[in-house]
Amino acid sequence: MSTKTKSSPAQRLVVSAMLIAIATVLSILKIVDLPYGGSVTLGSMFPLVLIAYRYGTGWGILSSLVYGAIQMALGADNFSYVSGALSVITLALFDYIIAFGLIGLAGLARNEKNSQSFALVLGVIMASVFRYLCHVISGATVWAGLSVPDAAALSFSLIYNATYMLPEMLVLIVIAYYLGTTLDFGSEKLKALAKPETTSVQRLLGAIAGLALSGALIFDVAAVFGKLQNAETGEFDITGISQAPWLWIAVVTVLCVVVAVALLIVRKKMGAGKTENA
């Protein structure tokens, strides 16, 4: 399996444009939209990681910068909350241009030749961490005193941005692993892997288990942080945590964990049975 995709500049432009368009559409389909900005999407970063994996880090960064510019245009209303040239520039760079541009660094993982799925998962993790750090910087500087409390702005930004970036990364990992064990993204024309690492049923069970755990985390985040904003003033209010539906949070979390564990046990037994029959 080769990750050095041979294609003409025109083909790269067309494929990259299509993937950027898909990423943009996925970014609009939000699973959770948090009160102070940030959301969990249907894996909107994966198409960009895929560009970097197929065409390399340089091309991946360029494509991600284009995507960042699109996101900045879609989020233009956010600039109305800040004043001063420095704040505007910082917001543009660390919430959009640099934050999304660094997704292209996922291409650094394409040199991992032993496992395509591992390379894609590693790329997803790298891209998520880089983007997370950029949003933390923006939250602790531009948004301090606005949506982020002045006191302990850095610690709040670290926690708040993790509440949507962690679920986002988990969703991406599930997508990257499942598709990475199913399709050969290193070939010029997309095709199924000749020798998949696991059976299709095993991959599906693993993906569903991952989505169940991701779903629990996403539900918990939305349920808790949705109550931390004063409905009248829109300001951060920690006392609202007492109004979170803790019973439902516990039920959903336990149920999803049980389902995930059960699916993983079945998956493991299928693998053991396959080994015995070999």
Side-chain angles (χ1 to χ4, degrees), residues 3 5-33 38-76 95-110 116-117 119-128 130-132 134-135 164-165 167-193 203-204 207-208 210-211 214-215 218:
T3 57
T5 306
K6 296 180 180 180
S7 58
S8 66
Q11 288 176 313
R12 285 193 177 196
L13 284 172
V14 171
V15 172
S16 298
M18 290 176 60
L19 290 173
I20 291 173
I22 292 173
T24 302
V25 172
L26 291 176
S27 72
I28 298 173
L29 301 177
K30 300 176 181 179
I31 302 173
V32 173
D33 198 7
S39 60
V40 181
T41 67
L42 294 174
S44 59
M45 289 167 56
F46 183 72
L48 303 175
V49 172
L50 195 55
I51 292 173
Y53 178 78
R54 284 177 62 84
Y55 303 127
T57 304
W59 190 272
I61 291 176
L62 179 61
S63 299
S64 297
L65 287 173
V66 172
Y67 175 78
I70 294 173
Q71 288 301 308
M72 184 166 62
L74 293 175
D95 264 348
Y96 297 104
I97 303 302
I98 296 178
F100 292 109
L102 289 181
I103 295 175
L105 292 178
L108 296 174
R110 72 196 297 253
Q116 175 182 251
S117 59
L120 289 172
V121 168
L122 182 59
V124 159
I125 294 174
M126 291 171 60
S128 300
F130 288 134
R131 179 185 164 192
Y132 165 70
C134 287
H135 291 319
Y164 66 89
M165 281 306 304
E168 178 84 355
M169 184 175 70
L170 291 177
V171 171
L172 287 165
I173 287 174
V174 171
I175 294 173
Y177 176 77
Y178 181 73
L179 294 181
T181 55
T182 305
L183 302 171
D184 184 0
F185 292 111
S187 61
E188 182 177 351
K189 294 183 178 180
L190 193 63
K191 61 182 180 181
L193 284 172
R203 293 194 299 276
L204 181 59
I208 294 175
L211 288 174
S214 300
I218 291 169

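Index from 1, following the sequence. Atom set for the values below is all heavy atoms of this structure, side chains included, hydrogens, waters and symmetry mates excluded.
How far OG1 of Thr24 is from CD1 of Ile70: 4.0 Å, rounded to the nearest 0.5 Å. Here the straight-line distance linking atom CG of Leu102 with atom CG of Leu65 works out to 8.5 Å at 0.5 Å rounding. For the atom pair OG (Ser39) and CE (Met165), the distance works out to 10.0 Å, reported to the nearest 0.5 Å. Of the inter-residue distances, the one linking Leu170 atom CG with Leu211 atom CG reads 10.0 Å to the nearest 0.5 angstrom. Note that the OH atom of Tyr178 and the CG atom of Leu183 stand 8.5 Å from one another [nearest 0.5 Å]. Considering CD1 of Ile22 and CG of Leu50, their distance stands at 9.0 Å, rounded to 0.5 Å.
Counting only residues at least two apart or on different chains, the side-chain hydrogen bond (donor to acceptor under 3.5 Å, both in side chains) pairs with a member in residues 96-105 are Asn78-Tyr96. Residue pairs meeting the salt bridge (charged side-chain N to carboxylate O under 4.0 Å, His left out) criterion with at least one partner in residues 41-50, sequence neighbours excluded, do not occur; the list is empty. Within the structure, every pair that satisfies the salt bridge (charged side-chain N to carboxylate O under 4.0 Å, His left out) test and touches residues 19-31, not counting sequence neighbours, is listed here: Lys30-Asp33. The salt bridge (charged side-chain N to carboxylate O under 4.0 Å, His left out) analysis of residues 39-49, with sequence neighbours excluded, yields no pairs.
Ile125 is linked by a side-chain contact (heavy atoms from CB on, under 4.5 Å) to Val121, Val129, Met169, Ile173, counting only residues two or more places apart in sequence or in another chain. For Phe46, there are no ring pair (Phe, Tyr, Trp, His ring centres under 6.0 Å) partners two or more places apart in sequence or in a different chain. For the side-chain hydrogen bond (donor to acceptor under 3.5 Å, both in side chains) test, residues two or more places apart in sequence or in another chain that qualify with Ser27 are Gln71. Contacts of Leu62 classified as side-chain contact (heavy atoms from CB on, under 4.5 Å), with partners at least two apart in sequence or in another chain: none. Residues satisfying the side-chain contact (heavy atoms from CB on, under 4.5 Å) criterion with Ser63, sequence neighbours excluded, are Ser16, Ile20, Ile51, Trp59. The side-chain contact (heavy atoms from CB on, under 4.5 Å) check on Ile31 picks up Val40, Leu42, Ile218, with sequence neighbours excluded.
Between Asp95 and Cys134, every side-chain heavy-atom pair lies at or beyond the 4.5 Å cut-off. At least one side-chain heavy atom of Gln116 sits less than 4.5 Å from a side-chain heavy atom of Asp184. Side-chain contact between Leu179 and Leu120 is absent, with no heavy-atom pair separated by less than 4.5 Å.
Taking both residues in full, the closest heavy atoms of Ala127 and Val49 are given as CB-CG2, 4.3 Å, listed atom of the first, atom of the second, then distance. The two residues Gly43 and Ile175 have their closest heavy-atom pair at CA-CD1, 3.9 Å. Residues Ser44 and Glu168 come closest through the heavy atom pair OG-OE2, 3.5 Å. Across every non-hydrogen atom of Arg54 and Phe185, the tightest pair is NH1-O, 2.8 Å. Heavy atoms only, all atoms of each residue included: Ala119 and Tyr53 are closest at CB-CE1, 3.9 Å. Leu105 and Met126 make their closest contact through O-CE, 3.5 Å (heavy atoms, listed as atom of the first residue, atom of the second, distance).
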What verdict does the side-chain contact (heavy atoms from CB on, under 4.5 Å) test give for Ile61 and Ile103, after you've listed the backbone C-alpha separation in whole Å, the side-chain angles of each residue and the deciding distance to 0.1 Å?
CA-CA 7 Å; Ile61 291 176; Ile103 295 175; over 6 Å; no
Checklist entry - Does the side-chain contact (heavy atoms from CB on, under 4.5 Å) test come out yes or no for Ser128 and Leu172, once each step is laid out? => result CA-CA 9 Å; Ser128 300; Leu172 287 165; 3.9 Å; yes
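Ring geometry for His135 against Phe100 counts as perpendicular: the plane angle is over 60°, on a 0 to 90° scale with 30° as the lower cut.
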